[in-house]
S.K.: 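My questions all concern the structure below.
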Amino acid sequence: MQGIISAVRRNSLAELAGIKAGEKLCAVNGTAVRDIIELSYLVADEKVTLTIEDSAGTVRQLVIEKYADEELGLEFEAAVFDKVTTCYNNCVFCFVDQMIPGMRETLYVRDDDYRLSFLYGNFITLTNLQAADFDRIIKTHMSPLYVSVHATRPEVRCQMMNNRFAGELMERIHKLVDAGISIHTQIVCCPGYNDGEVLEQTYNDLIALAPMVETMAVVPVGITKHREKLTPMRLFSQGEAAAIVDKVTKWQQDCREKFGKSFIYLGDEFYLLAERPLPEALWYDGFPQIENGIGLSRSFLDEWQEAVAKITAFTAGEAAIIPVGTSAYRILHPLLDGFNRKAGSKHRFIAVDNDFFGETINVTGLLVGKDILQAAGKTSRIILPDVVLNQDDLFLDDMTYAEFQQSFGGRVERATTARDLVSLLNK
């Protein structure tokens, strides 16, 4: 059990009790705590006894009296205090298996932990759940969960995941939804595996469980240049992508008539590859899977237009470049034409080829520091999309933000949203 305290909020009960960052929460009322979910139940009483271990290994007990449900004011390095459950499947499309060797350890972790699914929307396969896990999920009503389905046809899922037990998926989903646990689902679509009739069966099986199965997202497989000794895999052609867009659009129309929502959503890459227009925002129903890349482009485009429309005075600031993936570039670069005309500026998006992962990886979120620097050339101002950095300010190639700033040598800024970007460009 870890339970390392990363921060203690000022004037909180924990600070008043003398608890400090870097110390470890070992137990509450004598019970070892597995995660922050369990912690929330254990500290709900008006009087709790905390077992704390300091950095020197000295253990002490603190009794805290509080209002019912009053927070202690503790923050932790990780949400899970015991070992995170990792994936033991060997999926033919696994992106982690395609990572370049020798990077930071966290890039190779394949978590499959239902707690992280409930807390953060991480997708799980359900192949690791034991009877006790089901009992806990149902008892504490951990809903919704996010499930990697890929295919509901048992033999196809077993083949794709290289796990003879993977075909038990629907029984496990039924067990959850029958207990009132709602589910968001994901399909990593691979040509020749789970497209065509298999995708149609998956859709029919999942829509039959609506509304407890809330959404179904279909994203295309990603292939890097690091696939030595892995199962052969290819990308969808333009024609194949167009056929999937047409089929899913028909399903969406049916769902909107029956349920008032689209239910099934395609990753942006399908529309870009098929050279089809993105659906309007209404068809994304509030973007329930935007963190999965579902509707990111539409959300950005609409937010950009809204932010630009609110500008009362345009400013011709220092020309900036904004690096993006080659797929996003096709729909983003026209945005600056009208802005530049009104402001008299010379800002521009630049398409960055992904040499690190290979040219088949074309999304912005997987760009690395070295490739961005190479594409930027000799320019004096760059605005980075925040999505290229993790919470520790690291690019995927382990370059730090500070190292990037030093190597670039000019003005480096960051934008999280389209609204942020418009604000920076108009300075």
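Keep in mind that this is a model prediction, so the values were computed, not measured.
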S.K.: Give a yes or no answer on whether the side chain of Gln405 reaches the backbone of Val412 with a donor-acceptor pair at less than 3.5 Å.
M.R.: no
S.K.: For the residue pair Ile64 and Ala17, what are the closest heavy atoms and their distance?
M.R.: CD1-CB, 4.0 Å
S.K.: Are the side chains of Val80 and Arg34 in touch, meaning some heavy atoms are under 4.5 Å apart?
M.R.: no
S.K.: Please check: side-chain N/O of Thr140 versus main-chain N/O of Arg136, any donor-acceptor pairing under 3.5 Å?
M.R.: yes
S.K.: Filter on side-chain hydrogen bond (donor to acceptor under 3.5 Å, both in side chains), then keep only pairs touching residues 145-164, sequence neighbours left out; what's left?
M.R.: Asn89-Asn163, Ser148-Gln186, Thr152-Asp205, Arg153-Gln201
S.K.: Quick one: sort the Phe270 and Phe236 rings into parallel, tilted or perpendicular, breaks at 30° and 60°.
M.R.: tilted
S.K.: Would a 4.5 Å heavy-atom cut-off, applied to side chains only, mark Ile37 and Arg115 as touching?
M.R.: yes
S.K.: To the nearest 0.5 angstrom, please state how far the CG atom of Leu266 sits from the CG atom of Leu273.
M.R.: 11.5 Å
S.K.: Could you tell me if the side chain of Leu384 sits less than 4.5 Å from the side chain of Phe395, heavy atoms only?
M.R.: yes
S.K.: Would you say that Ile52 contacts Cys26 through its side chain, given a criterion of any heavy-atom pair below 4.5 Å between the two side chains?
M.R.: no
S.K.: Answer yes or no for Arg414 and Tyr401: cation-pi contact, defined as NZ/CZ to six-membered ring centre under 6.0 Å and angle to ring axis within 45°.
M.R.: yes
S.K.: Kindly say whether Val63 contributes a backbone atom to a donor-acceptor pair with the side chain of Thr49 at under 3.5 angstrom?
M.R.: no
S.K.: Please report the shortest heavy-atom distance between Ala415 and Leu424, naming the atom on each side.
M.R.: CB-CD1, 4.1 Å
S.K.: Looking at every heavy atom in both Phe408 and Ala376, which two are closest together, and how far apart are they?
M.R.: CE1-CB, 4.1 Å
S.K.: Is the closest side-chain heavy-atom distance between Leu332 and Ser297 below 4.5 Å?
M.R.: no
S.K.: Using modelled atom types and a 3.5 Å cut-off, is there a donor and acceptor pairing between side-chain atoms of Ser423 and backbone atoms of Arg419?
M.R.: no
S.K.: May I ask you to decide whether Asp97 forms a salt bridge with Lys229, counting only side-chain N to carboxylate O separations under 4.0 Å?
M.R.: no
S.K.: List the steps, then state whether side-chain contact (heavy atoms from CB on, under 4.5 Å) holds for Val422 with Gln305.
M.R.: CA-CA 9 Å; Val422 169; Gln305 298 294 353; over 6 Å; no
S.K.: Does the side-chain contact (heavy atoms from CB on, under 4.5 Å) test come out yes or no for Met99 and Phe95, once each step is laid out?
M.R.: CA-CA 7 Å; Met99 286 293 298; Phe95 196 85; 4.2 Å; yes
S.K.: I need the minimum non-hydrogen distance between Val48 and Leu42, along with the two atoms involved.
M.R.: CG1-O, 3.8 Å
S.K.: More than 12 heavy atoms of other residues, nucleotides or ligands under 6.0 Å from CZ of Arg104: yes or no?
M.R.: yes
S.K.: Does the side chain of Thr417 come under 3.5 Å of the side chain of Asp420 through a donor N or O and an acceptor N or O?
M.R.: yes
S.K.: If I take atom CD1 from residue Ile322 and atom CD1 from residue Ile383, how far apart are they, to the nearest 0.5 angstrom?
M.R.: 5.0 Å
S.K.: Do side-chain atoms of Glu403 reach the backbone of Met399 as a donor and acceptor pair under 3.5 angstrom?
M.R.: no
S.K.: Would you check if there is a donor-acceptor pair between the side chains of Asp112 and Thr85 at a distance under 3.5 Å?
M.R.: no
S.K.: Take Ser55 and Glu23 through the test side-chain contact (heavy atoms from CB on, under 4.5 Å) and record every step on the way to the result.
M.R.: CA-CA 6 Å; Ser55 57; Glu23 294 187 315; over 6 Å; no
S.K.: Is any side-chain heavy atom of Val28 closer than 4.5 Å to one of Glu38?
M.R.: no
S.K.: In terms of ring plane angle, is the pair His347 and Phe339 parallel, tilted or perpendicular, where the classes change at 30° and 60°?
M.R.: tilted
S.K.: So, Thr86 versus Arg110: side-chain donor-acceptor pair below 3.5 Å or not?
M.R.: no
S.K.: Looking at Ser262 and Trp283, would you say the former's side chain and the latter's main chain have a donor-acceptor pair under 3.5 Å?
M.R.: yes
S.K.: Check whether any side-chain heavy atom of Tyr265 lies under 4.5 Å from a side-chain heavy atom of Met216, and answer yes or no.
M.R.: no
S.K.: With a cut-off of 6.0 Å (strictly less than), are more than 12 heavy atoms of other residues, nucleotides or ligands near CD of Glu171?
M.R.: yes
S.K.: Any donor and acceptor pair, going by atom type alone, linking the side chain of Tyr108 with main-chain N or O of Met103 inside 3.5 Å?
M.R.: yes
S.K.: Please table the atom pairs, donor to acceptor, closer than 3.5 Å between any side-chain atom in residues 70-78 and protein atoms at least two apart or in another chain.
M.R.:
unit_1 : atom_1 : unit_2 : atom_2 : d
Glu70  : OE1    : Tyr67  : N      : 2.9
Glu71  : OE1    : Arg9   : NH2    : 2.7

S.K.: Ile244 and Cys189: which non-hydrogen atoms are nearest, and at how many Å?
M.R.: CD1-SG, 4.4 Å
S.K.: From the options Arg381, Lys427, Arg411, select the one residue that forms a salt bridge (charged side-chain N to carboxylate O under 4.0 Å, His left out) with Glu318.
M.R.: Arg411
S.K.: Does the Glu53 side chain pair with the main chain of Thr58, one donor and one acceptor, at a distance under 3.5 Å?
M.R.: no
S.K.: I need the minimum non-hydrogen distance between Thr215 and His184, along with the two atoms involved.
M.R.: OG1-ND1, 2.6 Å
S.K.: Quick check, are the ring centers of Phe93 and Tyr193 under 6.0 angstrom apart?
M.R.: no
S.K.: So, do Val219 and Ile187 sit near enough that their side-chain heavy atoms are less than 4.5 Å apart?
M.R.: no
S.K.: For Val188 and Met160: C-alpha separation, side-chain torsions, deciding distance, then whether side-chain contact (heavy atoms from CB on, under 4.5 Å) applies.
M.R.: CA-CA 10 Å; Val188 176; Met160 293 184 70; 5.9 Å; no
S.K.: So, Glu303 and Arg298, do they make that salt bridge, N to O below 4.0 Å?
M.R.: no
S.K.: So which pairs with a foot in residues 349-371 pass side-chain hydrogen bond (donor to acceptor under 3.5 Å, both in side chains), sequence neighbours left out?
M.R.: none
